[in-house]
2 protein chains.
Amino acid sequence: MGIDLESASKSPSLGRVTLEDVAHLAKVSPATVSRCLNRPDSVNLDKRARVNQAIQTLGYVPHGAARALASKQSRMVGAVFPAIDNTLFGASLDAFQRTMADADYTVIVASSDYDPLREKQHVRRMLQSGIDALMLVGLVRDEETYELIGAHGIPYVTVWRLAGQQVHPAVGFDNRAAAQHLTDYLFSLGHERIGVLSGILEYNDRAQDRLAGVRDSYAKQGRTLADNHLIERPFGVEQGREMLRLIMSQETPPTAVVCGAEPLAYGAIFEAAAHNISVPGDLSVAAFDDTWLAGQISPKLTTVRTPNMEIGEEAAKYLIATLSGVQPPLPRPLETDLIIRESTGRPPAG
Amino acid sequence: MGIDLESASKSPSLGRVTLEDVAHLAKVSPATVSRCLNRPDSVNLDKRARVNQAIQTLGYVPHGAARALASKQSRMVGAVFPAIDNTLFGASLDAFQRTMADADYTVIVASSDYDPLREKQHVRRMLQSGIDALMLVGLVRDEETYELIGAHGIPYVTVWRLAGQQVHPAVGFDNRAAAQHLTDYLFSLGHERIGVLSGILEYNDRAQDRLAGVRDSYAKQGRTLADNHLIERPFGVEQGREMLRLIMSQETPPTAVVCGAEPLAYGAIFEAAAHNISVPGDLSVAAFDDTWLAGQISPKLTTVRTPNMEIGEEAAKYLIATLSGVQPPLPRPLETDLIIRESTGRPPAG
DNA sequence: CTGTTAGCGCATTCAA
DNA sequence: TTGAATGCGCTAACAG
């Protein structure tokens with residue numbers, strides 16, 4: 001082309017600064033500049049210096065898309081959560097993003113609203129954007145979503161539960177065991193009727209697992225969970241209040257409730273207070289998550305601490321390792337802790 | 001090259017399915033396939049049908065990077081928040097992401113931890129990833145960050161406050177006026193000593209504005225905020241508790257406190273309860289945000305509702321409009337509402 | 001309305 | 001170690 005119409009001192013100033021501009025200024029070939037960017041050690045020291053100098057003065061910024069096209073790597077990863085406007089997934093997203101940023105990955109995020117179809121849409125869009133890897137919550141989803149991911153051949157992790165029989169790599173904890181443990185504790189306190197205030201179970205395998213755990217515990221006692229002691233509503237304080245009203249108006253109300261998530265428990269506690277139901281005097285309340293509020297409200301909430309941040313971080317680490325070629329061992333189950341505080345106690349004497 | 005070594009029925013199956021594969025199968029030119037994707041109306045109906053059919057059977061997914069390289073548009077936008085693990089910014093991020101997804105944009109997110117340097121890093125990385133537009137919180141930042149954005153010539157919005165004298169487009173509300181209004185209300189109740197429990201002010205112009213608003217209100221009364229009635233700590237319940245202890249141990253403690261954010265107020269309320277300080281009997285507590293908890297705890301919190309979701313949504317709309325060529329009018333200030341509940345009242349008689 | 005021709009900016013062969 | 005050539009997959013003129 002135009003053999004340096006502009007004398008190699010400055011770029012045409014129309015359009016962005018390209019690698020080629022840098023090459024001109026540094027008086028090396030484009031290939032060398034590329035090497036400086038990707039494998040600096042493979043370049044002569046003073047050339048490298050000249051290139052870096054040129055990059056500096058030109059304010060050169062590599063063009064991600066061009067890079068991705070040529071190298072087949074975008075250094076972008078995706079993450080789809082059921083929701084991102086709450087502390088629970090927020091903590092995970094935050095940790096995920098941090099860990100990825102430290103490894104020089106950029107993260108694309110979206111929320112599915114617990115809807116498999118929306119999730120699929122987001123996955124499709126992300127795949128199209130060229131993500132190198134993907135994080136999803138739970139195992140249950142539209143089968144086509146897995147197919148899409150498979151067709152692109154990118155690594156992925158599922159989080160927030162264990163892999164079970166499945167073949168999908170999973171970073172998470174045993175919701176079922178945790179729920180059983182919590183319920184066992186309630187039985188050990190002397191409760192006989194333990195209700196469940198659950199989130200919507202459909203498409204939410206974590207919630208399903210937790211319910212199963214409660215049932216396991218019931219089974220150990222040779223009992224079964226009464227149908228009218230299980231209520232299901234979307235996560236939210238208001239719903240927690242509503243569910244408490246419903247469950248306490250049964251002919252034989254429970255003396256304890258296990259809540260599928262903390263907002264539900266707060267709702268239950270607030271509503272109980274409004275009805276002069278003493279917690280834990282008349283009713284024990286327990287939940288999952290241990291978010292910032294659990295240890296602050298009164299009564300302080302007995303809850304299962306779930307490793308929210310760890311999940312985000314470990315999931316990111318797993319993907320980073322996979323992307324860098326080392327096949328990491330399958331992630332090991334994360335720990336949960338039953339944190340006993342003030343909202344649970346012995347059942348009322350009657 | 002190789003003139004259909006494979007008879008146009010199936011792609012080589014090595015490597016991904018490309019637009020060209022689709023073109024072969026549909027017996028049209030690549031350009032036509034491209035048109036089907038981008039401006040379907042400009043293509044003959046039955047050709048379009050053939051192409052869509054081919055896309056379907058081949059499972060073709062466009063290659064974002066290639067597309068971005070050729071069209072100079074990535075359909076990705078960036079958003080950097082000070083934090084993403086809380087309800088406040090989570091709600092904004094959620095709305096932003098939703099609105100963007102509806103317009104077929106993908107969003108890259110990162111959190112800066114209220115650190116301008118981290119923010120700059122994230123912006124740099126995002127720019128490199130090829131974002132078409134960018135959302136940032138507040139106006140105060142490393143000058144170089146603005147330069148970077150300027151050099152790339154992409155549109156951006158700042159959120160969570162007004163533009164002020166600045167030239168940067170802003171979607172937000174008037175923190176200062178809102179804080180003044182809130183403080184005015186407290187004065188109108190008869191308070192004379194109103195303390196401030198603020199977040200860290202450095203690099204946080206929203207917090208600075210709120211403090212300025214409180215000072216404005218003081219000025220209207222011909223008074224000034226006492227130095228020992230202003231405390232500054234990171235956002236958090238624990239910090240709220242600590243600040244309450246500090247401020248109430250002054251020789252002349254305030255009879256009301258304005259908290260820069262809700263977690264601080266919760267901390268203050270919890271700690272007050274622990275010290276048998278009645279709210280609002282002995283001390284009025286007010287704050288900003290009106291998150292889900294404000295109307296639920298007891299006493300219910302008097303707070304300024306801030307338009308968190310609206311901000312995310314409006315910011316997204318503004319960027320979408322700009323990207324689609326129409327120069328939208330500068331966003332108008334969003335409304336805040338003072339929501340008077342139970343945590344504020346007349347000062348104690350003494 | 002459709003096909004042909006050129007790149008977009010970079011990484012990566014391959015020779016040297 | 002370095003440079004020259006080639007193509008990643010797609011869109012955007014340009015002709016027809």
Side-chain angles (χ1 to χ4, degrees), chain A residues 1-3 8 11-12 14-51 54-55 58-75 127-130 132 152, chain B residues 1-3 8 11-12 14-51 54-55 58-75 127-130 132 152:
Chain A
M1 304 300 176
I3 304 167
S11 78
L14 6 109
R16 58 179 297 138
V17 179
T18 74
L19 180 146
E20 197 169 354
D21 297 330
V22 175
H24 278 170
L25 215 193
K27 300 191 193 311
V28 297
S29 77
T32 299
V33 178
S34 176
R35 289 190 193 99
C36 279
L37 261 39
N38 300 310
R39 295 184 296 106
D41 328 292
S42 72
V43 173
N44 179 309
L45 219 80
D46 50 299
K47 293 210 177 188
R48 206 194 307 171
R50 293 216 309 273
V51 168
I55 288 177
L58 255 32
Y60 168 69
V61 176
H63 190 295
R67 219 169 185 177
L69 185 56
S71 71
K72 293 164 180 323
Q73 290 197 39
S74 66
R75 293 206 83 80
L127 253 12
Q128 198 159 320
S129 293
D132 291 337
H152 280 254
Chain B
M1 301 308 170
I3 303 168
S11 78
L14 5 109
R16 58 182 293 136
V17 180
T18 73
L19 177 146
E20 198 168 353
D21 297 330
V22 175
H24 278 170
L25 214 192
K27 299 193 195 313
V28 297
S29 76
T32 298
V33 179
S34 176
R35 288 190 193 97
C36 279
L37 263 39
N38 300 309
R39 294 183 299 107
D41 329 291
S42 71
V43 173
N44 180 308
L45 219 80
D46 49 298
K47 294 210 175 183
R48 208 196 306 174
R50 293 219 309 275
V51 169
I55 287 177
L58 254 33
Y60 168 69
V61 176
H63 190 295
R67 219 170 185 178
L69 185 57
S71 71
K72 295 168 178 322
Q73 289 197 39
S74 65
R75 294 205 84 80
L127 253 11
Q128 197 157 320
S129 293
D132 291 337
H152 280 253

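Per chain, numbering begins at 1; letters A, B, ... match sequence-line order.
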N or O in side chain of [X] less than 4.0 angstrom from [N] OP1/OP2:
| X | N | answer |
| --- | --- | --- |
| A:Ser34 | C:dA11 | yes |
| B:Ser29 | C:dG3 | yes |
| A:Asn38 | C:dA11 | yes |
| B:Arg67 | D:dT11 | yes |
| A:Lys72 | C:dT12 | no |
| B:Thr32 | C:dT2 | no |
| A:Lys27 | D:dG3 | no |

Figure out the [atom1]/[atom2] separation between [X] and [N], and round it to whole Å.
| X | N | atom1 | atom2 | value |
| --- | --- | --- | --- | --- |
| A:His63 | D:dC10 | NE2 | P | 16 Å |
| A:Leu69 | C:dC8 | CG | P | 13 Å |
| B:Gln73 | C:dC8 | CD | P | 17 Å |
| A:His24 | D:dG3 | NE2 | C1' | 13 Å |
| B:Leu58 | D:dG9 | CG | C1' | 15 Å |
| B:Arg75 | D:dG9 | CZ | P | 22 Å |
| A:Lys47 | D:dT1 | NZ | P | 12 Å |
| A:Asp21 | C:dG9 | CG | C1' | 10 Å |

Exercise for review: Could you please name the option among C:dT4, D:dG9, D:dA4 that lies closest to any side-chain atom of B:Ala31?
Suggested key: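 Of the candidates, C:dT4 comes closest.
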**Study point:** B:Ala70 side chain, from C-beta outward: closest of D:dC10, C:dA11, D:dA12
**Key:**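 Comparing D:dC10, C:dA11, D:dA12 against the side chain of B:Ala70, the answer is D:dC10.
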Check your understanding: When all nucleic acid strands are considered with a 4.0 Å heavy-atom cut-off, which category describes B:Val43: base, sugar-phosphate, or nothing?
Key ->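 Sugar-phosphate: the residue B:Val43, judged by heavy atoms under 4.0 Å, touches backbone atoms but no base.
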Practice item. Mind checking A:Pro62 for me? I need base, sugar-phosphate or nothing, with any heavy atom below 4.0 Å counting as a touch. Key: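 Contact class for A:Pro62: sugar-phosphate only.
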Practice item. State, to 0.1 Å, how close A:Arg50 and A:Lys27 come at their nearest heavy-atom pair, and which atoms those are. Key: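 Nearest heavy atoms, A:Arg50 then A:Lys27: NH2-O, 3.3 Å.
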Exercise for review: Decide yes or no on side-chain hydrogen bond (donor to acceptor under 3.5 Å, both in side chains) for B:Asn38 and B:Arg67, but give the supporting numbers first.
Suggested key: CA-CA 11 Å; B:Asn38 300 309; B:Arg67 219 170 185 178; 3.1 Å; yes
Check your understanding: In Å and rounded to the nearest 0.5 Å, what is the CG to NE2 distance from B:Leu69 to B:His63?
Key ->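 Nearest 0.5 Å value for the CG-NE2 distance: 10.0 Å.
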Review point. Got a second to check how far B:Arg48's CZ is from B:Ser42's OG, nearest 0.5 Å?
Key: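 Here the interatomic distance stands at 8.0 Å.
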Practice item. Test B:Val51 against B:Leu25 for side chain to side chain contact (heavy atoms under 4.5 Å, CB included), laying out the working first. Key: CA-CA 8 Å; B:Val51 169; B:Leu25 214 192; over 6 Å; no
Check your understanding: Start at the 5' end of DNA chain C and walk down; is the nucleotide closest to B:Ser71 or to B:Asp41 reached first?
Key ->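 Going by which nucleotide is closer to the 5' end, it is B:Asp41.
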